[in-house]
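In this text, all values refer to a predicted model and were calculated from it rather than measured experimentally.
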Amino acid sequence: LPYRDTFFNFAVIFPVIFILVLLFAAYYLRKRLGFLSFSILFFLITLLPVLNIIPTMNFMADRFLYIPSVIVSLIFTSVILKYYSEKNVNIIYAVFAVILMGYSYLTIARNADWKTNDALFMSADNRPGTVTYVNIGNIYANKQQYDAAETYYRKALDLRKEVVLANNNLGKVFMIKGNFDSAYSYMYKAYLLDTLSPEPMHALAQLHASFDKIPEAISWLEKIKKITPGYMNSDKMLVELKTKQMMGTQPKLNPNDTKKAAMLEQSSYNNYQAKNYDKAIEELTQLLKINPSGAPGYYNNIGMCYLESARYKDAIKNFTLAVEAKPDFAAAYNNLGDCYEKMGDKQKAKENYQRALDIDPNNQNAKANLERVK
């Protein structure tokens, strides 16, 4: 039903009067017909979540009518029993038989609507409702019939402008059509309507990423991380975009630098193996200047040199730089845990070992380390 913005409307006044009449009837009949009075009050209580005198996010649906329908049956039965007599017993049986057959037919017929989700939603096509229209719009969107999807999302917004999913999904349609401005307008409105919902934030991140607006996409993903970590693989998307951003800002190496970097990498490894840690650190520091795109690995290796020479604070500093440059660097988190463990801080050691396992569940070193610390 369309939302009303004033109480001075027949669609609002009538149900309010109806409810007041029922309440008065329940009070009036409390001693004369206590069973009926109880049933009326129970009926109103069961409908409270969806009365929507003050608009809420709960809408009338089949599932909300199961208990009220039982109560209506009790009311009907109580009235019948009130006037039951030997003279009208056959009429009462006949009425019940008709009701039973009618509802039996409706129950069987309804199964066709419940066959699939799509069939269920489409069965409500001729019954205006924001949820109905959004669901039908989603069906068409999943079939890549975006013009039809747009039509239904707009129908939902015609009923109520403040429907978060209708605004958000309409924005997605415009994103697919390549219209950034319209997509952003609807998605951002959805975000303003519910600033704690991760769905509009994720859509805005996708929108900016698809138009190569990487910093803006990262900003929206960071918001999601604070509210709903891991929502729809947003953490993975964040890492990928940060990597892309970092790679995009790094100049490509010329042939001479590439050759020099390869030589330094081999030399630093040899010095590490020979326990010439200071020399290895010097060469790795040079590599940071020559090839900044390899920073996560170089910081990690510098940290390893400090770790092996028991300079734990310097090691922690470099391992931290490694995970800042590459947030999904499981090995660097494991190395951080090793440092903290050697320094006697078992809590931080456990946290970093666990972080390494969260990123890479098959990391055997982190598994063994975590078990040992526990």
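- Between the CG atom in Asn167 and the CE atom in Met187 there is a gap of 11.0 Å [rounded to 0.5 Å].
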Could you tabulate the donor-acceptor pairs under 3.5 Å formed by side-chain atoms of residues 41-49, not counting sequence neighbours?
residue	atom	partner	partner atom	Å
Thr46	OG1	Phe42	O	3.4
Thr46	OG1	Phe43	O	2.6

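- Counting heavy atoms from C-beta on, the side chains of Val239 and Lys236 never come closer than 4.5 Å.
- When side chains are defined from C-beta on, Asn334 does not count as touching Asp338, because their heavy atoms never get closer than 4.5 Å.
- Under the 4.5 Å side-chain heavy-atom criterion for Ile, Leu, Val, Met, Phe, Trp and Tyr, Tyr105 and Tyr103 are members of the same hydrophobic cluster.
- In summary, Glu222 and Lys242 engage in a salt bridge, as defined by a charged side-chain N under 4.0 Å from a carboxylate O.
- Between the side chains of Tyr152 and Asp125, at least one donor N or O sits under 3.5 Å from an acceptor N or O.
- Remark: Phe7 CZ to Ile13 CD1 distance equals 10.0 Å, nearest 0.5 Å.
- A donor atom on one side chain and an acceptor atom on the other are found under 3.5 Å apart for Asn291 and Tyr298.
- For the pair Arg30 and Tyr28, the cation-pi test (distance below 6.0 Å, angle within 45°) is failed.
- In this structure, the side chain to side chain donor-acceptor pair (under 3.5 Å) partners of Arg311, at least two apart in sequence or on a different chain, are Asp278, Ser309.
- For OH of Tyr27, the number of neighbouring non-hydrogen atoms (other residues, nucleotides, ligands) closer than 6.0 Å is 12 at most.
- Asn363 contributes a side-chain N or O that, together with a main-chain N or O of Ala366, makes up a donor-acceptor pair within less than 3.5 Å.
- Between Asn369 and Gln354, every side-chain heavy-atom pair lies at or beyond the 4.5 Å cut-off.
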>> Using the rule given for ring pair (Phe, Tyr, Trp, His ring centres under 6.0 Å), can you reason through Tyr306 versus Tyr312, listing the C-alpha separation, both sets of side-chain angles and the distance that settles it, and then say yes or no?
In response: CA-CA 6 Å; Tyr306 283 124; Tyr312 301 127; over 10 Å; no
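- When atom types are taken as modelled, the side chain of Thr77 and the backbone of Ser73 share a donor-acceptor pair closer than 3.5 angstrom.
- To the nearest 0.5 Å, atom CG of residue Leu29 and atom NZ of residue Lys31 are 12.5 Å apart.
- Residues Leu22 and Leu33 share a single hydrophobic cluster, defined by chaining ILVMFWY side chains whose heavy atoms lie under 4.5 Å apart.
- Tyr333 and Val373 sit in two unconnected hydrophobic clusters of ILVMFWY residues. Membership requires side-chain heavy atoms under 4.5 Å apart, directly or through other members.
- The shortest distance between side-chain heavy atoms of Asn138 and Tyr153 falls below 4.5 Å.
- Taking the ring centroids of Tyr191 and Tyr188, they lie under the 6.0 Å cut-off.
- In this model, no donor atom of one side chain and acceptor atom of the other lie less than 3.5 Å apart for Asn169 and Tyr186.
- Taking the charged nitrogens against the carboxylate oxygens, Glu265 and Lys260 have no contact shorter than 4.0 Å, which rules out a salt bridge.
- Under a cutoff of 6.0 Å and an axis angle of 45°, Lys213 and Phe180 form a cation-pi pair.
- Counting non-hydrogen atoms of neighbouring residues, nucleotides and ligands closer than 6.0 angstrom, the CE atom of Met263 reaches no more than 12 such neighbours.
- No more than 12 heavy atoms of other residues, nucleotides or ligands sit less than 6.0 Å from atom CD of Gln144.
- Leu288 and Phe319 are members of different hydrophobic clusters when ILVMFWY side chains are connected at heavy-atom separations under 4.5 Å.
- Using a 4.5 Å heavy-atom threshold, the side chains of Asn168 and Lys189 count as separate.
- Judged by distance alone, the side chains of Tyr340 and Glu351 never bring a donor and an acceptor atom under 3.5 Å apart.
- Side-chain contact between Ser268 and Asn301 is absent, with no heavy-atom pair separated by less than 4.5 Å.
- Look at Lys326 and Asp328 and you find a salt bridge, because one of the NZ, NE, NH1 or NH2 atoms lies within 4.0 Å of a carboxylate O, short of that distance.
- Taking a cutoff of 4.0 Å between a charged side-chain nitrogen and a carboxylate oxygen, Lys367 and Glu371 do not qualify as a salt bridge.
- Here the side chain of Thr116 pairs a donor or acceptor atom with the backbone of Ala119 at under 3.5 angstrom.
- Tracing side-chain contacts under 4.5 Å through hydrophobic residues (I, L, V, M, F, W, Y), one reaches Trp220 starting from Ile218; they form part of the same cluster.
- Residues Tyr184 and His208 are in side-chain contact: their nearest non-hydrogen atoms beyond the backbone lie under 4.5 Å apart.
- Ile80 is listed as a side-chain neighbour of Phe96, based on a closest heavy-atom distance under 4.5 Å.
- Put simply, the residue from Arg372, Lys346, Lys350, Lys348 that forms a side-chain hydrogen bond (donor to acceptor under 3.5 Å, both in side chains) with Glu341 is Arg372.
- Between Lys317 and Asp314 there is no salt bridge, since none of the side-chain N atoms of the basic residue sits less than 4.0 Å from a carboxylate O of the acidic one.
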